[in-house]
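Taking it in order: structure first as structure tokens, then the write-up.
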Amino acid sequence: MSDQSTVPKQPHEWTEYELMALADVPPGLHSWGADKFRTFILEQAAKYEAQDKLQKQQEYLLAFAAENPGYVPNNPELVFTDLALFDFDGTVTSCDTFTPFIKQVISPARLFWGRLLLLPVIAAYRIGMVSSSRMRRLLVKLALTGRSKMELEQLGRQHATKFLPTVIRPLAMKKLQWHLAAGDRVVLVSASLDLYLKPWCDHMGIELLSASLEAEGDRLTGYYNGPDCCGEEKANRVKALLKLSHFDRIYAYGDTKEDRELLALADEKYYQWKRI
């Protein structure tokens, strides 16, 4: 922009918003007067500053809402227009992430005896006589009873940063980013453990409803905090956190029968990445 007529007459220290506004300058600017140019830049800067403030307000709202279930903002400018609900294992990822985590953290001795003790249960699970929820609870009881919560949280962060990125579906990541870019409220609803899902969701900037483990002090009891987050419980947790009528449109993504109730909440639902 070499034309001197486009430069403000008075010395001016450009703000970050004014510099961002320069990207929106249309062709033919050289024909504008300096005063008109300055007015244009200031108007554009005000727009960017307003957008930046709104984004920060939405980030604060998201953090507050996550800590205060049932909170509904009074300011309509801060209300997310659409809601996106995602299952995790098999939907966002290409495989189960629960079992690899258990295998990563279980001691060799527990793994050896656990295989012997659970062999009949595993056989029953494979032919559909034992539910996925029951199987997860048994594995947690076997592998994690008495373990340090602090240690498992550290192992969970490692699982989130090293294993999860290798199994995230590109299509799922693209869809997550699409919803975030649109300003939608995005919630991951999963039966997998918050030990590794929370670090991943924090990194992505999305909310989480998932299974969590009971602890006494720093020691895990081997039990869940409340019901397993699958089937009807997924829908119950979403409805406990959010007032669904406040959203213009609800999207949901799942891949198994455990997601049916979650999908039933949505206006636009996807099962194994096909719209239904």
Side-chain angles (χ1 to χ4, degrees), residues 62 66 69 83-105 131-137 139-140 143-144 152-153 155-180 184-213 224-242 250-266 268-276:
L62 190 63
L83 171 67
L85 305 168
F86 285 84
D87 167 57
F88 192 67
D89 285 8
T91 300
V92 173
T93 68
S94 59
C95 66
D96 166 42
T97 63
F98 176 88
T99 306
F101 178 71
I102 295 296
K103 288 181 178 179
Q104 173 195 340
V105 302
S131 69
S132 298
S133 179
R134 178 63 177 161
M135 195 70 220
R136 285 191 294 268
R137 286 181 176 274
L139 289 174
V140 163
L144 304 182
L152 266 294
E153 287 174 344
L155 292 171
R157 287 191 289 271
Q158 292 177 14
H159 194 64
T161 57
K162 295 181 179 179
F163 177 75
L164 295 189
T166 68
V167 295
I168 299 296
R169 294 181 187 271
L171 175 60
M173 180 60 72
K174 183 177 180 180
K175 186 61 74 171
L176 280 164
Q177 292 172 339
W178 180 79
H179 282 293
L180 290 169
D184 299 343
R185 189 163 184 174
V186 181
V187 185
L188 190 71
V189 190
S190 174
S192 285
L193 301 174
D194 63 352
L195 291 170
Y196 55 86
L197 287 182
K198 188 176 186 305
W200 189 82
C201 287
D202 288 346
H203 173 72
M204 288 294 299
I206 64 178
E207 296 174 76
L208 173 66
L209 294 171
S210 71
S212 63
L213 302 180
Y224 280 32
N225 278 318
D228 190 13
C229 189
C230 67
E232 187 176 357
E233 181 63 15
K234 285 191 172 186
N236 291 340
R237 293 203 190 186
V238 170
K239 289 185 284 189
L241 175 66
L242 304 166
I250 300 173
Y251 300 79
Y253 304 83
D255 76 307
T256 69
K257 63 181 182 180
E258 291 188 349
D259 302 316
R260 288 174 182 170
E261 290 83 357
L262 182 71
L263 294 174
L265 301 176
E268 190 168 318
K269 57 201 75 175
Y270 293 83
Y271 183 76
Q272 297 180 358
W273 291 104
K274 295 179 181 179
R275 187 170 179 179
I276 57 175

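Within the 3.5 Å criterion, the main-chain N or O of T91 finds a donor-acceptor partner in the side chain of W273. Judged by distance alone, with hydrogens and angles left aside, the side-chain atoms of D184 form no donor-acceptor pair with the main-chain N or O of L180 at under 3.5 Å. Here the side chain of D194 pairs no donor or acceptor atom with the backbone of S212 at under 3.5 angstrom. For K269 (side chain) and I276 (main-chain N/O), no donor-acceptor pair under 3.5 Å exists by modelled atom type. Checking side-chain atoms of H159 against main-chain N and O of V105 turns up no donor-acceptor pair under 3.5 Å. A donor-acceptor pair under 3.5 Å is absent between the side-chain atoms of R157 and the main chain of P199, judged by distance alone. Within the 3.5 Å criterion, the main-chain N or O of T99 finds a donor-acceptor partner in the side chain of D96.
L195 has its side chain out of reach of L155: every pair of non-hydrogen atoms, C-beta onward, lies at least 4.5 Å apart. The closest side-chain heavy-atom distance from V140 to Y224 is below 4.5 Å. At least one side-chain heavy atom of K234 sits under 4.5 Å from a side-chain heavy atom of D87. Counting heavy atoms from C-beta outward, T161 and W200 have side chains that stay 4.5 Å or more apart. When side chains are defined from C-beta on, L197 counts as touching L188, because their heavy atoms get closer than 4.5 Å. Under the 4.5 Å side-chain criterion, counting only non-hydrogen atoms from C-beta, S192 is not in contact with R136. In this structure, Q158 and Q104 have side chains that are in contact, with non-hydrogen atoms separated by less than 4.5 Å. Side-chain contact between Y251 and L85 is absent, with no heavy atoms from C-beta onward closer than 4.5 Å.
A distance of 7.5 Å separates CG in L208 from OG in S190, rounded to the nearest 0.5 Å. For the atom pair CD1 (I168) and SG (C95), the distance works out to 9.0 Å, reported to the nearest 0.5 Å. The NZ atom of K174 lies 15.5 Å from the CZ atom of R169; values are rounded to the nearest 0.5 Å. To the nearest 0.5 Å, the span separating CD1 on I206 from CD on Q177 amounts to 11.0 Å. The structure places SG of C229 at 8.5 Å from CG of L262, a figure rounded to the nearest 0.5 Å.
A salt bridge does not link R137 with D228: every distance from a Lys NZ or Arg NE/NH1/NH2 to an Asp or Glu carboxylate oxygen is 4.0 Å or more. A salt bridge between K257 and E232 is absent, with no side-chain N of the basic residue lying under 4.0 Å from a carboxylate O of the acidic one.
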Let me see the working for E207 and V186 under side-chain contact (heavy atoms from CB on, under 4.5 Å), right down to the final yes or no.
CA-CA 6 Å; E207 296 174 76; V186 181; over 6 Å; no
Would you sort out whether N225 and L213 count as a side-chain contact (heavy atoms from CB on, under 4.5 Å), showing the intermediate values?
CA-CA 5 Å; N225 278 318; L213 302 180; 5.6 Å; no
Could you walk me through whether M204 and M173 pass side-chain contact (heavy atoms from CB on, under 4.5 Å), step by step?
CA-CA 10 Å; M204 288 294 299; M173 180 60 72; 3.6 Å; yes
In sequence, state the C-alpha distance, the side-chain angles, and the governing distance for Y270 and Q272, and then conclude on side-chain hydrogen bond (donor to acceptor under 3.5 Å, both in side chains).
CA-CA 6 Å; Y270 293 83; Q272 297 180 358; over 6 Å; no
As a quick check of understanding, evaluate side-chain contact (heavy atoms from CB on, under 4.5 Å) for T97 and F88, giving each step before the final call.
CA-CA 9 Å; T97 63; F88 192 67; 3.8 Å; yes
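Ring planes of Y253 and H179: perpendicular class, angle over 60° (limits at 30 and 60°).
Summarising the geometry of L265 relative to I250, their closest heavy-atom pair is O-CD1, 3.8 Å, with the distance given to 0.1 Å. Considering all non-hydrogen atoms of both residues, A211 and A191 come closest at CB-O, 3.4 Å. Of all heavy-atom pairs spanning F98 and D89, the tightest one is N-OD2, 3.6 Å. Scanning all heavy atoms of the two residues, the minimum distance from Y196 to A160 falls at O-CB, 3.4 Å.
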